[in-house]
Amino acid sequence: MNKTPIIAGLDIGTYATKFLVAKERPDERGFEVLGRGINLSEGVRKGVVSSKNKVSEKIAETIKQAEREAGREINEVYVNINGSHIFCINSKGLVSVSRADEKISGQDLERVIEAAKTFSLPSNKEIIEVIPQEYIVDDEGGIKEPLGLKGIRLEAKILAVGGFTPYIENTSEAVIGSGLTVGDIFLGSSASARAVLDSQEKELGAAVVDLGAATTSIAVFEEGEMVHTAVIPIGMQNVRNDIAIGLRVSIEAAEKILEEMGSHILGEATTRRKVVDVPGGDITFREKDLKDIAKARIEEIFELVDEELESIGRSGLLPAGIVLTGGGAKMEHLIDFVKEKTELPVRVGAPSEFYPSQEDPSLSVVCGLVKLGSDSFKGGGFMDFSFDGGLTKKVKKVLKIFMP
Ligand SMILES: Nc1ncnc2c1ncn2[C@@H]1O[C@H](COP(=O)(O)OP(=O)(O)OP(=O)(O)O)[C@@H](O)[C@H]1O
Ligand SMILES: [Mg+2]
């Protein structure tokens, strides 16, 4: 009998490290959360692991919480990679169909993807995910499932997503340093999208925007697949820093102000004076000043999001619009604010398959990682002929090198 695997996801965020142990419910009706650990991060800058030792310690601490709750030991995790070093490239490959009966085989698909992956990259950059966009069989384009079709020439168009190798290695070494094995590394925005976008949105055209502490990551989907991704190195911590500068208060005080008033920061501003009690005494400021400071920064973030959409000709043109997630998506009035800025339909997405009653968008990445891990366990779609084994093998190779 097939046993449902227990999957663990680890989101190394700039603000918080989140670890989740879960298991898919029978009949694919969501996931049962077995254990969870959340701690403030240390040693992460702009979404990138900057101090491996500090991150390893935090991961170890976070896992212990989840293990205690789950009542079991966890050995392997699916982990995310984030940061503005993430890039994506469109590429094409072409091969001749190999079988005498001209039917396209799994091997042909593997070969054509390999061919599409042969573009030059600097030696310190590597590909993390490969997303086939469409296949062309003897000039017949727009094919999504070419397996078994008859033809002579097979072309593939792919989106290759990659990053800066030293940062990717830092992430896996930090995980290994905490005593765990890396099952696979996925792009943070792939994980967010897996958690909050439904298949109809992906088909129609939608973008997931994950507003985190130090990064805002974007993934755009069309006809079911990711067509673009980017990470903007600005997030809610920039809002906090702007508050500190604008109101002339310490970072700690600005953090406290954001904690108390963050949810309402985009709402109607009055000229009322506000008093916030912070360590070292009360701070008084005009509500309007605070809101103006925050709005300017959030406006900038969504102008940059719109520029990313513009770069692929989709500004104002995504039928299923924008799905907001990440800790910043907890802000009230963000939906209206983003609607106005982007002229697109907007909603907030949270991982409801894991937490049906608790809408926490800051858990999207960690839940998405569990879903992606579960997908690769099931070996769905492309993994049937294991071209994705490339990365898994690579990660395992990294493990061998760095394991004592
Ligand atoms: N209700 C709220 N209103 C506004 N901001 C909030 C709210 N709750 C949390 N935040 C902010 O969200 C951020 C944390 O979000 P999240 O957990 O998604 O970040 P992260 O994943 O650690 O960061 P990153 O993805 O950039 O590495 C913090 O900066 C926090 O101040
Ligand atoms: Mg994040």
Side-chain angles (χ1 to χ4, degrees), residues 9-20 36-50 55 58-59 62 79-86 163 167 170-171 174 186-196 208-219 229-244 251-267 290-291 293-295 297-298 301 304-305 324-335 337-338 348-351 358-369:
L10 169 67
D11 172 9
I12 308 173
T14 313
Y15 178 76
T17 299
K18 301 136 189 144
F19 188 85
L20 191 78
R36 181 172 104 176
I38 300 178
N39 280 300
L40 293 184
S41 295
E42 266 178 56
V44 185
R45 293 195 63 232
K46 294 264 163 220
V48 167
V49 172
S50 59
V55 173
K58 267 296 155 197
I59 296 173
T62 312
V79 64
N80 66 327
I81 187 94
N82 188 19
S84 58
H85 60 104
I86 299 295
Y167 290 161
N170 273 1
T171 297
F186 291 104
L187 199 66
S189 57
S190 293
S192 301
R194 187 69 184 89
V196 303
V208 59
V209 175
D210 184 314
L211 182 48
T215 63
T216 299
S217 63
I218 307 163
T229 186
V231 180
I232 298 166
I234 310 177
M236 293 306 292
Q237 278 182 356
N238 298 82
V239 175
R240 178 199 66 189
N241 298 351
D242 293 349
I243 293 171
I251 290 286
E252 293 73 29
E255 182 90 45
K256 183 84 195 298
I257 293 171
L258 200 56
E259 243 168 59
E260 272 188 31
M261 302 185 54
S263 295
H264 311 288
I265 217 149
L266 292 174
L290 171 72
K291 290 188 172 176
I293 294 166
K295 275 183 189 165
R297 183 58 92 167
I298 296 163
I301 294 175
L304 293 169
V305 167
L324 298 165
T325 197
K330 291 186 206 168
M331 275 183 292
E332 282 173 26
H333 311 292
L334 185 63
I335 293 179
F337 191 86
V338 177
V348 168
Q358 178 198 355
E359 293 282 295
D360 189 347
S362 69
L363 296 175
S364 293
V365 169
V366 77
C367 292
L369 287 167

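All heavy atoms count here, side chains included; hydrogens, waters and symmetry mates do not. Order of appearance sets the numbers: ligands from 1, and atoms from 1 within every ligand.
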**Item:** Element-labelled atoms of ligand 1 that are located less than 4.0 Å from some non-hydrogen atom of K330
**Value:** 1 (N), 2 (C), 8 (N)
**Any N/O pair A214/ligand 1 closer than 3.5 Å** = yes
**Item:** Nearest-contact summary for atom 22 (O) of ligand 1 - protein heavy atom, Å
**Value:** Y15 N, 2.7 Å
**Message:** Once rounded to the nearest 0.5 Å, what's the spacing between atom CG of D210 and atom OG1 of T215?
**Reply:** 6.5 Å
**ligand 1 versus K18: contacting region, heavy-atom distance under 4.0 Å** = side chain
**Fill in**
In ligand 1, the atoms that come under 4.0 Å of a heavy atom of G13 are 20 (P), 21 (O), 22 (O), 27 (O)
**Asked** Which of the atoms in ligand 1, numbered in the order shown and given with their element, are less than 4.0 Å from a heavy-atom of A16?
**Response** 22 (O)
**Minimum heavy-atom distance S41-T14, with the two atoms named** = CB-O, 3.6 Å
**Request:** State whether E252 and K256 are salt-bridged, where the test is any N-O pair (Lys NZ or Arg NE/NH1/NH2 against Asp/Glu carboxylate O) under 4.0 Å.
**Result:** no
**Message:** For a quick test of reading the model, state the closest non-hydrogen atom pair linking N82 to V48 and the distance between them.
**Reply:** O-CG2, 3.7 Å
**Fill in**
Scanning both residues in full, the closest heavy-atom pair of A254 with R240 reads CB-O, 3.4 Å
**Complete:** G235 and T216 have their tightest heavy-atom pair at CA-OG1, 4.2 Å
**Prompt:** Would you say E255 has any N or O atom under 3.5 Å from an N or O of ligand 1, going by distance alone?
**Reply:** no
**Prompt:** Is there a donor-acceptor contact under 3.5 Å from the side chain of S362 to the main chain of G326?
**Reply:** no
**Message:** Treating T229 as the side-chain partner and I218 as the backbone partner, does any N or O pair qualify as donor plus acceptor under 3.5 Å?
**Reply:** yes
**Polar proximity ligand 1 side, G326 side, N/O cut 3.5 Å exclusive** = no
**Request:** Grab the two heavy atoms, one from K46 and one from P233, that are nearest each other, plus how far apart they are.
**Result:** NZ-O, 2.8 Å
**Message:** Considering non-hydrogen atoms of the protein only, which is the closest contact for atom 5 (N) of ligand 1, and what is the distance?
**Reply:** M236 CE, 3.5 Å
**Request:** Looking only at distances, please establish whether an N/O atom of ligand 1 is found under 3.5 Å from an N/O atom of L211.
**Result:** no
**Prompt:** Is there a heavy atom in G235 that sits closer than 4.0 Å to ligand 1?
**Reply:** no
**Item:** I265 side, atom CD1; M331 side, atom CE - distance, nearest 0.5 Å
**Value:** 8.0 Å
**Asked** For ligand 1, which atoms sit closer than 4.0 Å to a heavy atom of G328?
**Response** 12 (O)
**Message:** I need the atoms of ligand 1 closer than 4.0 Å to a non-hydrogen atom of N82, numbered in the order shown.
**Reply:** 25 (O), 27 (O)
**Which residue and heavy atom of the protein sit nearest atom 23 (O) of ligand 1, plus the separation** = A213 N, 3.1 Å
**Message:** Is the contact between T216 and ligand 1 made by the side chain, the backbone, both, or neither, using heavy atoms and a 4.0 Å cut-off?
**Reply:** neither
**Complete:** Correct closest heavy-atom pair for G328 and M236 would be CA-CG, 3.8 Å
**Asked** Considering only protein heavy atoms, which is closest to atom 7 (C) of ligand 1, and at what distance to one decimal place?
**Response** G327 O, 3.7 Å
**Request:** Before signing off on this row, confirm whether T215 and ligand 1 have an N or O atom pair separated by under 3.5 Å.
**Result:** yes
**Request:** Around atom 27 (O) of ligand 1, find the nearest protein heavy atom and jot down its residue, atom name and distance.
**Result:** T14 OG1, 2.5 Å
**Asked** Which residue holds the protein heavy atom closest to atom 4 (C) of ligand 1, what is that atom called, and what is the gap in Å?
**Response** M331 CG, 3.4 Å
**Message:** Working to the nearest 0.5 angstrom, can you tell me the gap between T62 OG1 and L20 CG?
**Reply:** 12.0 Å
**Message:** Quiz question: by atom type and distance under 3.5 Å, do the side chains of S192 and T325 form a donor-acceptor pair?
**Reply:** no
**Asked** Looking at atom 1 (N) of ligand 1, what's its closest protein heavy atom, distance included?
**Response** S263 OG, 3.0 Å
**Message:** Within ligand 1, which atoms have a heavy atom of S362 less than 4.0 Å away?
**Reply:** 17 (O)
